[in-house]
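The next block holds one structure in the form of C-alpha cells; read it before the comments.
Given the structure is predicted, the values throughout are model-derived calculations rather than measurements.
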Amino acid sequence: MLIEKIISNAVAEALKALYGVEVEASSITPSATKKEFEGNLTVVVFPFLKASKKAPEATATEIGEYIKDNCVYVHSFNVVKGFLNITIEPNFWTQVLVQIAEDPDFGFRKADENSPLVMIEYSSPNTNKPLHLGHVRNNLLGFSLSEILKANGYKVVKTNIVNDRGIHICKSMLAWEKWGNGITPEKAGKKGDHLIGDFYVEFDKHFKAEVADLMAQGMSKEDAEKASPLMNEARAMLKKWEDGDEQVRSVWKMMNDWVYAGFDETYRRLGVDFDKIYYESNTYLEGKEKVLEGLEKGIMYRKEDGSVWADLTDAGLDHKLLLRSDGTSVYMTQDIGTAKLRYIDYPIDKMIYVVGNEQNYHFQVLSILLDRLGFKWGKDLVHFSYGMVELPEGKMKSREGTVVDADDLMDTMIADARDVAEEKARLAGCENDEIDNVARIIGLGALKYFILKVDPRKNMTFNPKESIDFNGNTGPFIQYTYARIRSVLRKAAEAGINSCAGISSVSPNEKEISLIQLLADFPAVVAQAGKDYSPAQIANYAYNLVKEYNQFYHDYSILREEDANVKGFRLILSQTVGDVVRRAMALLGIEVPERM
C-alpha cells in the first residue's frame, strides 16, 4: 500500500537525521495497528535501539515527533513501549478511496507477452466412477489457484489428465458386460458417470463374495484375491485392451463417452473448466518411449527380468519402477508421457500439480525424473499438496459406494439454501426463476467457500449445515452483505442521490478509515495468496472486509445521513467494498447475488 511506503521512507529519513544511520526503507515494514490501540500503522522500533542508544519509548517518541513534523500525511502518533503507532491524516484516506473506486482493475495485474506461463493440472478423475467430495475440493482449489495466478499477472493454462485406462476401468467394463443387460444412461435415466460407478461397486461386491468363498475353502486372503476368477477376467480384459482388441476397445470407448458427458455436466454446475484435457490412454505410450530413451542414455537401468528402474539413492530416495517386466507402464511412466506432450504443446515456465498429500512421494520422484530427462521446469515443478476432506460421519470409500457424490452434494446444498432463505423470508416476493437462481448461487457459494477458506494443506471436515449458515465465516454471510450493499445503491439511484458530489472534502471517521485501509490491502492480499498458493487468504480477507462493513453499516446511517457530502462518501465507500468483495469471491469461483 502507498501509505506504508511513505511511512517507511519517512522513518528511514528520521533515522538518518536523528542518529546518522542509513537504513533501507524497504527493510522497515509498518503493519496495521491492532484494534485495541489508537492509530492506523505501527512501526516496531526495537531494531533501531543500537543506533539511538536510548530506551524503546524514547526512541519511538523521537522518531514519531520527527515524522509528524516532516511528513504531511502524519496526523499524530502515540507510543506503547517499543511500538510507534501512527495516525494518518483522515483526508488522505479519502484520496485513497477515490483512487480505488476509479480503478476497474484494482488489486489485479494483467499478463503481457513477457509474463511467465504456468500450467495447472487439477481434477484428474477416473472414468470408472462419478466425481465425489474429494474431487470437489481438488477442482475448487485448482480453479481458484488458476484465477489467483491470473490476477497476479501470469499466463495460465488450466489442464486435466483423465485416468481412462487400467484395471479399475476394466472392472466397471466387465461388470457391465456380465450384469448390465445392455443398459445405457438413457434407458437407466442416469448420468453416465453414475451408471458406470454403479458397475464399479457391483464388481467389488461380487469380487468380495468370491474371495470370501475361496477363503472358506482354506485359502489365505492374499491367495484368494489372486485366484479370483473375476479379477483374472478383468486382468485378461486389460491385456486385450493393451493389445488393441477391437471389441474391448469399442466397449471402452462407449462407456468412457458416457462418463465424459456426465463429467462435463458436473464441471459446468461446479463452475470449473479446462483449456486442455489429456487422456492417459494417449500418454502412457509416450511415457514408455521417454523412459526407453532415458534407458539408452543411462538415466535408467534394466533388471534381469526386463523391468526398467531409476536409481534415486543419490537423492536420498530408493529405486523406482518405471516399466514392468511385461513392458506395461506404471503411473509414473504415464505422468512422464503427459509431461512430454504438454511440453510440446506449450512453452511452460512452471508446472503445478493439484493432487492430494498422499501423493507427496510420487511428485518428489517425478520432479527428479523430469529434471534428469531434460524438462527445464521439472526440477521446480510444484506439487500443490492438499489435505483430505471428510464428512462428520468419517471417511469415504469408492468401492463400497459410500462416497459423497458431487452432483448429490450440489443438489443438497442448493435445496438447503432454498429452505433457509424461505425460512428467513429472504426471497419473499421473488419470481420462481429468481428464487431458483439465488438458491443455486447461495448453495454453491456455501459449498465453495467452506472448502476454500481452510488452509489447503490441512485435512478438513465438510459440514453442510455449518456451511449454509447466514452468520459467521461463511459464503452466505459474505453474499448477503454484498446483496445488502447492492440494495442500498439501488435505493440511492431510485432517490436520485448523487454519490460523487463533494466527497473529496469529507474527513472520514475511524470506522470508515478502517474500511478504506482494508480495501487498500487487497492488492497485497492477492499477491501473497499467489505467492503462497493459498485461496484461503482470499476467502478470509473477504470475510474480514464484510465483517468490518457490517459494523459500519450498523453504526452509521447511509441514506438517512443529512450531510449530502458524507452521504455521497458513504455510498462510494459501500460501492467500492461491494466491488472488492465481488472480485475477491470471483477469485474463489463464487458468484454473488444482486438481491438475497
Side-chain angles (χ1 to χ4, degrees), residues 123-136 160-215 224-269 277 279-282 284 328 334 396-411:
S123 198
S124 308
N126 297 326
T127 57
N128 65 317
K129 56 191 175 185
L131 303 178
H132 56 64
L133 178 56
H135 290 113
V136 170
N160 188 358
I161 174 69
V162 179
N163 304 306
D164 64 341
R165 61 173 289 279
I167 191 68
H168 51 295
I169 309 300
C170 291
K171 290 176 182 179
S172 292
M173 291 168 58
L174 185 61
W176 180 82
E177 287 189 339
K178 283 182 172 294
W179 304 296
N181 298 315
I183 193 73
T184 66
E186 291 76 19
K187 290 178 183 177
K190 276 189 170 186
K191 287 176 73 227
D193 51 338
H194 288 191
L195 181 66
I196 302 309
D198 290 344
F199 285 109
Y200 184 63
V201 174
E202 189 73 13
F203 177 96
D204 193 63
K205 184 175 72 175
H206 284 82
F207 170 65
K208 283 181 175 177
E210 281 188 353
V211 170
D213 287 343
L214 292 170
M215 288 175 68
E225 289 176 346
K226 288 180 180 177
S228 160
L230 193 60
M231 186 61 78
N232 284 325
E233 279 189 78
R235 293 191 188 104
M237 178 179 277
L238 177 59
K239 184 67 170 63
K240 286 182 179 181
W241 185 93
E242 297 252 356
D243 292 341
D245 182 280
E246 286 188 14
Q247 193 273 331
V248 170
R249 287 279 180 136
S250 175
V251 173
W252 170 77
K253 183 179 185 307
M254 175 185 70
M255 294 177 70
N256 273 352
D257 285 344
W258 294 346
V259 173
Y260 297 147
F263 283 173
D264 287 345
E265 185 179 331
T266 304
Y267 288 139
R268 279 195 297 273
R269 289 187 74 195
I277 298 178
Y279 301 90
E280 283 196 3
S281 56
N282 296 328
Y284 81 105
T328 57
Q334 292 159 189
M396 304 173 289
K397 297 180 181 178
S398 302
R399 293 174 194 158
E400 297 175 10
T402 61
V403 298
V404 179
D405 178 83
D407 295 309
D408 292 344
L409 179 60
M410 286 189 281
D411 287 341

Only counting residues at least two apart or in another chain, list the ones meeting side-chain hydrogen bond (donor to acceptor under 3.5 Å, both in side chains) with [X].
| X | value |
| --- | --- |
| Y267 | S123, N160 |
| E265 | none |
| K191 | D193, T266, D407 |
| D243 | K239 |

- Query: Could you walk me through whether K171 and F207 pass the side chain to side chain contact (heavy atoms under 4.5 Å, CB included) check?
  - Reply: CA-CA 10 Å; K171 290 176 182 179; F207 170 65; over 6 Å; no

Closest heavy-atom contact between [X] and [Y]?
| X | Y | value |
| --- | --- | --- |
| A234 | C170 | O-CB, 3.8 Å |
| N126 | F263 | O-CZ, 3.4 Å |
| N128 | H168 | CB-O, 3.6 Å |
| G182 | K187 | O-NZ, 3.6 Å |
| L131 | P125 | CD2-CB, 3.6 Å |
| N232 | R235 | OD1-NH1, 2.8 Å |

Say you draw a straight line from [atom1] of [X] to [atom2] of [Y]; how long is it, rounded to the nearest 0.5 Å?
| X | Y | atom1 | atom2 | result |
| --- | --- | --- | --- | --- |
| I169 | K129 | CD1 | NZ | 9.0 Å |
| E202 | S172 | CD | OG | 11.0 Å |
| M255 | F199 | CE | CZ | 7.0 Å |
| D408 | L133 | CG | CG | 11.5 Å |

- Query: Angle class for the W176/W258 ring planes (parallel below 30°, perpendicular above 60°, tilted otherwise)?
  - Reply: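 Because their plane-to-plane angle is over 60°, the rings of W176 and W258 count as perpendicular.
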
- Please determine which of N256, D164, N163 meets the side chain to side chain donor-acceptor pair (under 3.5 Å) test together with S281.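 Testing each of N256, D164, N163 against S281, the sole residue satisfying side chain to side chain donor-acceptor pair (under 3.5 Å) is D164.
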
- Message: Suppose the criterion is salt bridge (charged side-chain N to carboxylate O under 4.0 Å, His left out): which pairs have a residue in residues 245-256, not counting sequence neighbours?
- Response: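 Counting only pairs at least two positions apart or across chains, the salt bridge (charged side-chain N to carboxylate O under 4.0 Å, His left out) contacts touching residues 245-256 are K253-D257.
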
Residues in salt bridge (charged side-chain N to carboxylate O under 4.0 Å, His left out) with [X], at least two apart?
| X | answer |
| --- | --- |
| D264 | none |
| E210 | none |
| E233 | K178 |
| R269 | D411 |

- Task: Could I get the full list of side-chain contact (heavy atoms from CB on, under 4.5 Å) partners for A188, not counting sequence neighbours?
- Result: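 Listed in chain order: I183, K190, L195.
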
- Derivation and outcome, side chain to side chain contact (heavy atoms under 4.5 Å, CB included), residues I196 and T127: CA-CA 8 Å; I196 302 309; T127 57; over 6 Å; no

- Task: Can you sort out the partners of Y279 under ring pair (Phe, Tyr, Trp, His ring centres under 6.0 Å), two or more places apart, ordered by chain and number?
- Result: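 Result, ring pair (Phe, Tyr, Trp, His ring centres under 6.0 Å) vs Y279: Y260.
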
- Message: If the condition is ring pair (Phe, Tyr, Trp, His ring centres under 6.0 Å), which residues does F203 pass it with, not counting sequence neighbours?
- Response: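 None.
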
- Given E225 and M231, is the side chain to side chain contact (heavy atoms under 4.5 Å, CB included) satisfied, shown in steps? CA-CA 8 Å; E225 289 176 346; M231 186 61 78; over 6 Å; no

- Query: Does the pair K240 and M237 meet the rule for a side chain to side chain contact (heavy atoms under 4.5 Å, CB included), with working shown?
  - Reply: CA-CA 5 Å; K240 286 182 179 181; M237 178 179 277; 5.5 Å; no

